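None of the values given here were measured: they were computed from a predicted structure.
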Amino acid sequence: MSNSVIIFGCGFVGMELARRCMELGWSVSALTRNPQKVAEAKDLGLHTVQGNLHESGWWDELPGNFDHVVNCVGAASPSIDGYRDSYLKGMHSVLGWIKQNGSRVNNLVFTSSSSVYPQTDGSLVNEKSDTSGVSERGQILVNAEQACLHASAELAKRRSVIRFSGLYGPGRHLLVDKIRRGDPMSGCPQRILNLIHRDDAATALLAILEAEDLVDGGIFNACDGQHATRGEIANWVADRVGVQAPEFIGASEDHGPNRRVENSKIKKVFGWVPQFSDFQTGYEDFLASE
């Protein structure tokens, strides 16, 4: 059965999702603010519009009914205003556009981040864990999540939020570049990192889109579940690329997030299993292709 999907934010994850949907024979449209991504998306055969999600100028350029709506836009800038425009105002703009079209979509999905978890004690967090005390940027994400989840059932049959952790993959390997240069690492080597490969992020989204109607939406964590430390990852990468392990500086001043993100819910509900279940296989995948 043919499906149609509109992807808001055709960047690192959105473009890979678009490729996979095209391979399935789906009709794919996209909105992106990046001119280079517009060209790349059109080369893939996507109906593509350039615009800012939080504005409404694109509404009439993307008419029609879609089975699935995926909002995976990234922040226009790291500022508070950039977060608010892209995530919260952007989510409200999507909802206004769906309402204007007058038809109910099967899936409305918002991609969020495990940065909404403020825990610093190494504890295991799941979708029910407390997010109070999160940073101002994290709270904007939480508010955007709620806008998606509380959208009217008349707009979307299933509303889902997927919280990605530490996205990496082809073209996104700043850690590797830093280690190759011999630059010191800032912060504590024992702090836990939760990661997900770009390809697994795309398949996690597809698992939601392809699920049966009897499956409920909600919040889902998507990560590899390995819970490696920064030191473990840095030492492995250094050994793999043949350089000295990096020095860590400022460990005592590192008060960054330190938690283990659980991914069992998305596995159980949607049957999703990451192809890259640890950082070693994920990094090896693109290091071997260099």
Side-chain angles (χ1 to χ4, degrees), residues 1-11 13-34 37-74 86-112 144-162 201-220 269-270 272:
M1 183 175 64
S2 177
N3 279 274
S4 60
V5 59
I6 171 69
I7 301 172
F8 295 106
C10 235
V13 174
M15 192 66 74
E16 182 61 23
L17 174 63
R19 291 190 189 98
R20 291 171 183 263
C21 290
M22 293 288 287
E23 290 172 357
L24 293 173
W26 291 17
S27 172
V28 185
S29 299
L31 175 83
T32 178
R33 60 177 176 266
N34 187 324
K37 292 298 181 181
V38 169
E40 185 178 345
K42 287 183 176 180
D43 285 345
L44 275 178
L46 279 61
H47 173 217
T48 310
V49 171
Q50 183 177 350
N52 292 311
L53 187 62
H54 65 282
E55 300 171 349
S56 59
W58 55 267
W59 284 18
D60 293 330
E61 295 186 67
L62 285 169
N65 301 328
F66 291 91
D67 298 310
H68 313 291
V69 173
V70 179
N71 179 3
C72 57
V73 69
S86 296
Y87 295 126
L88 186 55
K89 292 182 180 179
M91 190 68 246
H92 284 298
S93 181
V94 169
L95 295 174
W97 169 78
I98 296 175
K99 185 176 182 179
Q100 174 184 270
N101 284 339
S103 61
R104 185 165 69 153
V105 302
N106 292 333
N107 280 291
L108 171 63
V109 185
F110 173 66
T111 64
S112 185
E145 291 180 354
Q146 292 304 307
C148 174
L149 294 172
H150 294 161
S152 169
E154 295 179 356
L155 298 182
K157 295 179 184 178
R158 179 165 56 213
R159 286 89 59 200
S160 306
V161 167
I162 186 165
T203 61
L205 285 166
L206 263 180
I208 294 176
L209 301 185
E210 293 186 301
E212 298 294 332
D213 288 343
L214 295 178
V215 177
D216 292 331
I219 299 173
F220 302 92
V269 174
F270 295 108
W272 173 79

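Sorted by first and then second residue, the pairs that involve residues 88-103 and meet salt bridge (charged side-chain N to carboxylate O under 4.0 Å, His left out), not counting sequence neighbours, are D85-K89. For residues 201-218, there are no salt bridge (charged side-chain N to carboxylate O under 4.0 Å, His left out) pairs, not counting sequence neighbours.
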Distance-only criterion, 3.5 Å: show the donor-acceptor pairs between side-chain atoms of residues 56-65 and protein atoms not counting sequence neighbours.
| from | atom 1 | to | atom 2 | distance (Å) |
| --- | --- | --- | --- | --- |
| W58 | NE1 | N52 | O | 3.4 |
| W58 | NE1 | L53 | O | 3.2 |
| W58 | NE1 | E55 | O | 2.8 |
| W59 | NE1 | S93 | OG | 3.1 |
| D60 | OD1 | Q100 | NE2 | 3.4 |
| N65 | OD1 | S103 | OG | 2.8 |

Solution key, residues 15-23 side-chain donor-acceptor pairs under 3.5 Å, sequence neighbours excluded:
| from | atom 1 | to | atom 2 | distance (Å) |
| --- | --- | --- | --- | --- |
| E16 | OE1 | R19 | NH1 | 3.0 |
| E16 | OE2 | R20 | NE | 2.9 |
| E16 | OE2 | R20 | NH2 | 3.4 |
| R19 | NH2 | E40 | OE2 | 3.0 |

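Counting only heavy atoms from C-beta outward, the side chains of N71 and C148 never approach each other to under 4.5 Å. In this structure, the side chains of L206 and L24 come closer than 4.5 Å at one or more pairs of heavy atoms. Side chains of L108 and I98 form a contact here, defined as non-hydrogen atoms less than 4.5 Å apart. Taking the side chain as every heavy atom from C-beta outward, F220 and F270 approach each other to under 4.5 Å.
The side chain to side chain contact (heavy atoms under 4.5 Å, CB included) check on S86 picks up R33, A76, with sequence neighbours excluded. N107 meets the side chain to side chain donor-acceptor pair (under 3.5 Å) test with H68, R158; sequence neighbours excluded.
With rounding to the nearest 0.5 Å, the separation of SG in C10 from CG in L31 is 9.0 Å.
Just one of L209, I162, I6 meets the side chain to side chain contact (heavy atoms under 4.5 Å, CB included) condition when paired with V70; it is L209.
What you find for S112 and E145 is that their closest heavy atoms are OG-OE2, 2.6 Å.
Ring pair W97/F66 is tilted by interplanar angle, where 30° to 60° counts as tilted.
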